[in-house]
Amino acid sequence: MTHRTTSQTGITPTDAAFPDVPEADIAEVRATIIDWFATAERPLPWRDPETTAWAVLVSEIMSQQTPVARVEPRWRAWMAKWPTPADLAAAPTAEVLHSWDRLGYPRRALRLQEAARVIAEERDNRVPETAAELETLPGIGSYTAAAVASFAHGQRTTVLDTNVRRVLIRVFAGRDRPSTSPSRRETQWAEQFVPAVDHVRWNAGVMEFGALVCTARSPKCDDCPLAEVCAWNRSGRPTSATKPKTQKWAGTDRQLRGAIMDVLKARHEETLDEAADDRHDGVPFDLLTAPTAALDEDMVESLGTATSAKLRRMRDLSANAERIARLAGDLVSDGLAARHGDRLSLPR
DNA sequence: AAATCGGGGGT
DNA sequence: ACCCCAGATTT
């Protein structure tokens, strides 16, 4: 017998991992979440009706893998400095990275500026409105594209971040946490929960609910308005297998790059100071007096895909890069250099 | 599918 | 110490 259960549309096949859900349950959860959101919503500045689409986009990029509470002050300063895509597009990359400071994943700052340049130069400084168009921009994947299309443009999209995935998996599938990354099947499954109307408030509300109530670590099930409907709660909140261990920090490429960034950002500040004083005559060229343009290249080189092999290449090919590598090595000498001699080869 | 990419704060 | 955070991109 081959009869598989199908959803009411007859289009989406289902399995035990992503089961069919009665329409009555979906309706109840939608209403509960939207009502809860109306009373519990955090007053995040990018939710202000006056906020531009570009400002929403910036908030989403900054929020990738970064707690919203940490993003908020940084977003305010960033938007005050570069209010439009054209403003960011015209900024020196060194200044962009310096302003990004320690938000983490500095490659996001580079992609954001690349996206700003595309929008400014090819799209008349206007943020695309559809998720498909947004996803063609650098640094914008499926989540960010859906979020910007929904929150900035009111489009009906399926916003599937870590919060939404956790809520849906618990409430409708009875498991404690989603897989590492969403499958195509999961995305299709999640689409059915997005209502035809109020989809923006659903998207924002279910995300907020995951951030404030249905949290990963200590979910507030005792005070949860979905406790009676939630499949996970009803089945006793079983826990699944442990996730793979998180990557080490000490002694890795990431730590070295962080040290390099610290050096370069400090030198960048000194460069700006000296430029203001107009007294860098006769000072030999080194990292302390390198012009901003040179720092641009070096800072970019030290980011993202710069592997330890690449750093070795930098040291060999560029006198300036050699100084950077040496400075970075000095900075972490107690850790990396001590364990690996004078090489910048690092453990994985 | 698995690796890689930062940094900080909560537990 | 370990886990998690409004993920994206490369291998």
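Letters A, B, ... mirror the listed sequences (proteins, then strands); counts begin at 1. Keep in mind it's a predicted model, so treat the numbers as computed, not measured. Computation of the quantities below employed the complete heavy-atom set of this structure, encompassing side-chain atoms and omitting hydrogens, waters and symmetry-equivalent molecules.
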Looking only at side-chain N and O atoms, does [X] come under 4.0 Å of OP1 or OP2 in [N]?
X: A:Arg177; N: C:dC4; value: yes
X: A:Arg102; N: B:dG8; value: yes
X: A:Gln64; N: C:dG7; value: no
X: A:Lys248; N: C:dA1; value: no

Tell me the interatomic distance from [X], atom [atom1], to [N], atom [atom2], rounded to whole angstroms.
X: A:Glu135; N: C:dA8; atom1: CD; atom2: C1'; result: 10 Å
X: A:Leu110; N: C:dA8; atom1: CG; atom2: P; result: 17 Å
X: A:Gln65; N: B:dT4; atom1: CD; atom2: C1'; result: 12 Å
X: A:Arg108; N: C:dG7; atom1: CZ; atom2: P; result: 10 Å
X: A:Arg47; N: C:dA6; atom1: CZ; atom2: P; result: 11 Å
X: A:Phe37; N: C:dA6; atom1: CZ; atom2: P; result: 14 Å
X: A:Leu103; N: B:dG9; atom1: CG; atom2: C1'; result: 14 Å
X: A:Glu72; N: C:dC5; atom1: CD; atom2: C1'; result: 16 Å

**Item:** Among B:dG7, C:dA6, C:dC4, the nucleotide that comes nearest once only the side chain of A:Trp249 is considered
**Value:**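 Closest of the options to the side chain of A:Trp249: B:dG7.
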Have a look at [X] and say if it touches a base, only the backbone sugar-phosphate, or nothing, with a 4.0 Å heavy-atom cut-off.
X: A:Ile61; result: nothing
X: A:Ala147; result: nothing
X: A:Ser181; result: nothing
X: A:Gly104; result: base
X: A:Trp75; result: nothing
X: A:Leu112; result: nothing

**N/O donor-acceptor pair, side chain A:Thr66 with base B:dG7, under 3.5 angstrom** =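 It does not, because no donor-acceptor pair links the side chain of A:Thr66 to the base of B:dG7 below 3.5 Å.
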**Request:** Would you kindly check whether a donor in the side chain of A:Arg217 faces an acceptor in the base of C:dC4, or vice versa, at under 3.5 angstrom?
**Result:** no
**side-chain hydrogen bond (donor to acceptor under 3.5 Å, both in side chains) partners of residues 115-126 of chain A, not counting sequence neighbours, each pair once** =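 Listed once each, the pairs are A:Arg123-A:Glu133.
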**Request:** May I ask you to decide if A:Ala69's main-chain N or O and A:Arg42's side chain share a donor-acceptor pair within less than 3.5 Å?
**Result:**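 Side chain of A:Arg42 to backbone of A:Ala69: no pair is present.
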**Prompt:** Just by distance, do the side chain of A:Asn203 and the backbone of A:Thr157 share a donor-acceptor pair under 3.5 Å?
**Reply:**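 Judged by distance alone, yes, a pair lies under 3.5 Å.
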**Request:** Let me know, please, whether A:Trp46 or A:Pro138 comes out on the 5' side of the other along DNA chain C by nearest nucleotide.
**Result:**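 Final value for this comparison: A:Trp46.
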**Message:** I want to confirm an ordering. Mapping A:Val68 and A:Leu137 to their closest nucleotides on DNA chain C, which one lands closer to the 5' end?
**Reply:**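 Upstream on the strand: A:Val68.
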**Request:** Give the stems involving DNA chain B, where a stem is 3 or more consecutive Watson-Crick or G-U wobble pairs (i with j, i+1 with j-1, and so on) under 3.5 Å.
**Result:** B:1-5 with C:7-11, B:7-11 with C:1-5
**Message:** Aromatic contact between A:Phe209 and A:Phe37, with the criterion being ring centroids under 6.0 Å apart: yes or no?
**Reply:** no
**Message:** For A:Pro128 versus A:His153, what's the shortest heavy-atom pair and its separation?
**Reply:** O-NE2, 3.1 Å
**Request:** Identify the heavy atoms of A:Met62 and A:Arg108 that sit nearest to each other, and give their distance.
**Result:** O-NH1, 2.8 Å
**Message:** Are A:Phe172 and A:Val29 packed together at the side-chain level, in the sense that at least one heavy-atom pair is separated by less than 4.5 angstrom?
**Reply:**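 Side-chain contact under 4.5 Å: yes.
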**Request:** Evaluate the side-chain proximity of A:Leu112 to A:Leu57: yes if any heavy-atom separation is below 4.5 Å, no if none is.
**Result:** yes
**Message:** Looking only at the side chains, is there a donor atom on one of A:Asp176 and A:Ser240 sitting less than 3.5 Å from an acceptor on the other?
**Reply:** yes
Gap in Å between the two [atom1] atoms, one belonging to [N] and one to [M], rounded:
N: B:dT11; M: C:dA6; atom1: P; answer: 13 Å
N: C:dC3; M: B:dA3; atom1: P; answer: 16 Å
N: C:dT11; M: B:dG6; atom1: P; answer: 15 Å

**Message:** Among residues 157-172 of chain A, which ones have heavy-atom contacts with DNA chain B below 4.0 Å?
**Reply:** none
**Request:** Examine A:Val200 and A:Trp54 and state if one hydrophobic cluster contains both, with Ile, Leu, Val, Met, Phe, Trp and Tyr joined whenever side-chain heavy atoms are less than 4.5 Å apart.
**Result:** no
**Prompt:** Does the pair A:Arg165 and A:Ser179 meet the rule for a side-chain hydrogen bond (donor to acceptor under 3.5 Å, both in side chains), with working shown?
**Reply:** CA-CA 9 Å; A:Arg165 296 184 65 214; A:Ser179 60; 3.0 Å; yes
**Item:** Of A:Arg70 and A:Ser218, the one whose closest DNA chain B nucleotide lies more 5'
**Value:** A:Arg70
